[in-house]
Amino acid sequence: KAGVTQTPRYLIKTRGQQVTLSCSPISGHRSVSWYQQTPGQGLQFLFEYFSETQRNKGNFPGRFSGRQFSNSRSEMNVSTLELGDSALYLCASTPSGLATYNEQFFGPGTRLTVL
Amino acid sequence: GENVEQHPSTLSVQEGDSAVIKCTYSDSASNYFPWYKQELGKRPQLIIDIRSNVGEKKDQRIAVTLNKTAKHFSLHITETQPEDSAVYFCAAINNDMRFGAGTRLTVKP
């Protein structure tokens, strides 16, 4: 099976712009979670999508949003970018969700730089 | 919400020695505790996990213990090797996933 893929791998934006990141889960996995990784804050949970519905949400402002399509691919959108949004954004997939003890498989991440 | 504390932040051991990383969590409803290894420039990878109805789990040189009463869990790596050098993250899951801040483990040959 192909692993979790994320596009693009690198992105440079300026403050105030918006960005959309994409994540394709492992075939058959219906849950996709998103995480932000920064040197200062570590790994932080953004949200989880399962069967096109947001199931759980972390403590991030409304500028961070996401969605999931019927083929389980997920997108994450950040509007009105701030310098502090510079980070590695990771997505991870599991067959049936975070609360079901299934191993999460991470994608390679998208490195976002906000200038 | 859940808060996960991880110690130490850095750990340096000699090859062949053991390494122990400890985490505490605040949400008593957390029921699944995975550990991830992240090498430089790579994605996190699950190395071992434990469910709340189990006290200890072992996989070759790696073991995890869980004390639900005290709300802490630990990762034990025995006979460390240089390739064990990485950042290790603990996590606790209830309905969301909270990570510890990470431990940078260095194994000196």
Side-chain angles (χ1 to χ4, degrees), chain A residues 2-7 9-10 21 23-26 29 31-50 53-61 64 66 87-111, chain B residues 1-10 21 23-54 57 59 62 64 66 68 73 86-105:
Chain A
V4 179
T5 58
Q6 291 185 245
T7 57
R9 294 292 313 279
Y10 302 91
L21 312 181
C23 173
S24 292
I26 290 172
H29 286 194
S31 165
V32 173
S33 297
W34 287 90
Y35 303 88
Q36 181 195 65
Q37 187 172 29
T38 61
Q41 299 296 320
L43 268 165
Q44 295 188 87
F45 171 77
L46 280 153
F47 28 65
E48 179 196 11
Y49 283 87
F50 180 82
T53 302
Q54 187 181 88
R55 184 187 267 181
N56 296 298
K57 187 172 170 28
N59 192 24
F60 278 80
F64 292 81
L88 180 68
Y89 289 89
L90 292 158
C91 74
S93 75
T94 79
S96 46
L98 282 177
T100 58
Y101 313 128
N102 294 138
E103 176 179 356
Q104 280 199 101
F105 293 87
F106 282 84
T110 294
R111 171 79 58 191
Chain B
E2 175 69 276
N3 190 36
V4 179
E5 293 191 3
Q6 182 172 346
H7 298 281
S9 56
T10 61
I21 302 170
C23 288
T24 60
Y25 60 99
S26 59
D27 185 354
S28 56
S30 294
N31 52 22
Y32 176 55
F33 307 90
W35 285 88
Y36 290 88
K37 174 183 180 182
Q38 188 175 27
E39 297 175 77
L40 190 62
K42 296 191 176 179
R43 69 193 79 183
Q45 291 201 303
L46 180 75
I47 55 170
I48 196 166
D49 56 10
I50 192 166
R51 303 181 187 184
S52 59
N53 59 347
V54 175
K57 183 177 177 181
D59 182 5
I62 296 173
V64 57
L66 171 65
K68 279 206 71 179
F73 55 113
V87 178
Y88 291 80
F89 293 95
C90 63
I93 296 176
N94 181 7
N95 289 314
D96 63 10
M97 188 165 186
R98 302 297 174 110
F99 289 90
T103 296
R104 183 173 299 281
L105 173 65

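In what follows, every chain begins at residue 1, and chains take the letters A, B, ... in the order their sequences are listed.
- Atoms CD and CE, from Gln44(A) and Met97(B) in turn, are 13.5 Å apart once rounded to the nearest 0.5 Å.
- Residue Leu43(A) touches chain B through both its backbone and its side chain, counting heavy-atom pairs closer than 4.5 Å.
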Please walk me through it: do Tyr36(B) and Phe106(A) pass side chain to side chain contact (heavy atoms under 4.5 Å, CB included)?
CA-CA 10 Å; Tyr36(B) 290 88; Phe106(A) 282 84; 3.4 Å; yes
Just do the side chain to side chain contact (heavy atoms under 4.5 Å, CB included) check on Gln37(A) and Phe89(B) with the steps written out, would you?
CA-CA 12 Å; Gln37(A) 187 172 29; Phe89(B) 293 95; 3.6 Å; yes
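- Taking CD from Gln104(A) and CD from Gln45(B), the interatomic distance works out to 13.0 Å, rounded to the nearest 0.5 Å.
- How far CG of Asp96(B) is from CD of Glu48(A): 9.5 Å, rounded to the nearest 0.5 Å.
- In this structure, Leu46(B) and Glu103(A) approach most closely via the heavy-atom pair CD2-CG, 3.2 Å.
- For the atom pair CZ of Phe99(B) and CZ of Phe45(A), the computed distance is 9.5 Å after rounding to the nearest 0.5 Å.
- No more than 12 heavy atoms of other residues, nucleotides or ligands sit less than 6.0 Å from atom CZ of Arg104(B).
- No part of Phe105(A) comes within reach of chain B, as not one of its non-hydrogen atoms sits under 4.5 angstrom from that chain.
- Of the residues considered (Ala91(B), Pro34(B), Pro44(B)), Pro44(B) shows the highest number of contacts with chain A, using heavy-atom pairs under 4.5 Å.
- Residue contact with chain B, scored on non-hydrogen atoms closer than 4.5 Å, is absent for Gln41(A).
- Counting non-hydrogen atoms of neighbouring residues, nucleotides and ligands closer than 6.0 angstrom, the CG atom of Asn59(A) reaches no more than 12 such neighbours.
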